[in-house]
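To start, the structure itself, in structure tokens.
Every number for a ligand or one of its atoms is a count from 1 in the order of the listing. None of the values given here were measured: they were computed from a predicted structure.
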Amino acid sequence: MSQPPLMQRLATTALARRGWLKAGLASLGGLWLAGCDQLSGNPTALKVLESAEGLTRRAQRLILSPGQLAPEYRASDISPTFKANGSIDPQDPAYLAHVANGFADWRLSVEGLVQHPMKLSLADLKARKARTQITRHDCVEGWSCIGQWTGAPLADLIHEAGLKPEAKFLVFHCMDTMGGGGEENRYYESIALADVFHPQTILAYELNGAPLAVPHGAPVRLRVERHLGYKQAKYIERIEAVASLKDLHGGKGGYWPDRGYEWYAGI
Ligand SMILES: Nc1nc2c(c(=O)[nH]1)N[C@H]1C(S)=C(S)[C@@H](COP(=O)(O)O)O[C@H]1N2
Ligand SMILES: [Mo]
């Protein structure tokens with residue numbers, strides 16, 4: 001694997017480091033993009049970063065925290081029942097048609113600012129490398145459940161699709177509309193690239209070893225484990241890479257953020 005530009009620059013000369021620091025916040029995002037996947041899985045790379053003199057705490061945090069993992073639990077910690085919340089039985093006709101034929105015609109579209117748009121069936125998604133994790137889901141309403149999720153790492157998919165340089169967020173478009181329908185009530189969510197490439201961010205198709213049921217977002221939902229419940233978009237059918245969130249729906253990047261919740265629901 002070739003070394004990402006960020007690593008090269010940090011590992012070479014002090015001059016390069018100074019140049020990099022001067023480049024400031026804006027380009028940090030871009031550099032991170034180039035190196036994030038390798039960084040999170042590479043202890044040597046992390047050591048290089050930790051010891052690089054001249055890095056401010058803020059810069060270190062920006063680079064290192066995207067790789068921090070949410071706690072994972074043991075099988076014995078799994079909640080006996082995982083509460084379902086928000087939409088739990090969408091009545092949107094297109095969704096009901098998918099349920100009726102077992103999602104055979106459902107396709108996950110990966111589109112927007114990507115080099116290679118993709119359309120994946122559920123079988124395609126399940127054929128990919130999977131990750132299983134036992135994590136705690138925290139809803140702002142004040143409840144938590146521990147569950148085991150299995151799905152395809154989002155990073156792999158997005159590497160394959162290839163982000164265009166302008167892409168800054170992924171938007172998850174869902175098949176459910178809230179409170180009686182209408183496009184203005186369609187559920188959606190979005191995440192920044194650090195969460196896109198985070199190792200625990202998966203497109204989950206199983207909960208506790210069983211295919212994802214309708215109440216939990218069948219056929220596929222997002223698990224982005226360092227965030228609150230409402231970021232965990234269910235009933236996904238379209239993933240769109242965008243440069244800005246302001247032109248989508250209410251402009252705040254999510255159904256609940258448009259209604260006053262924080263977009264960055266980090267925990
Ligand atoms: N498409 C969609 N995704 C959604 C919601 C929703 O209503 N529609 N509700 C959110 C909220 S507030 C929570 S707490 C979780 C609930 O997931 P669960 O039903 O698997 O517990 O889904 C989130 N994702
Ligand atoms: Mo929630």
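A distance limit of 4.0 angstrom between heavy atoms and ligand 1 selects the residues F82, K83, A84, N85, G86, S87, H137, C139, W143, C174, D176, M178, Y187, P215, H216, R221, G229, Y230, Q232, A233, K234, Y235.
E206 meets the salt bridge (Lys or Arg N to Asp or Glu O under 4.0 Å) test with no other residue; sequence neighbours excluded.
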* side-chain contact (heavy atoms from CB on, under 4.5 Å) assessment of S87 paired with Y235 -> CA-CA 9 Å; S87 291; Y235 317 112; 3.8 Å; yes
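Ionic pairing of E72 and R131 is present here: one or more N-O contacts between side-chain nitrogen and carboxylate oxygen are shorter than 4.0 angstrom. Ion pairing between a basic and an acidic side chain is recognised when a charged N comes within 4.0 Å of a carboxylate O; D195 and R226 show such pairing.
Each salt bridge (Lys or Arg N to Asp or Glu O under 4.0 Å) pair with one or both residues in residues 142-163, not counting sequence neighbours, appears once here: R128-E160, K129-D156. For residues 241-250, no residue pair satisfies the side-chain hydrogen bond (donor to acceptor under 3.5 Å, both in side chains) rule, not counting sequence neighbours.
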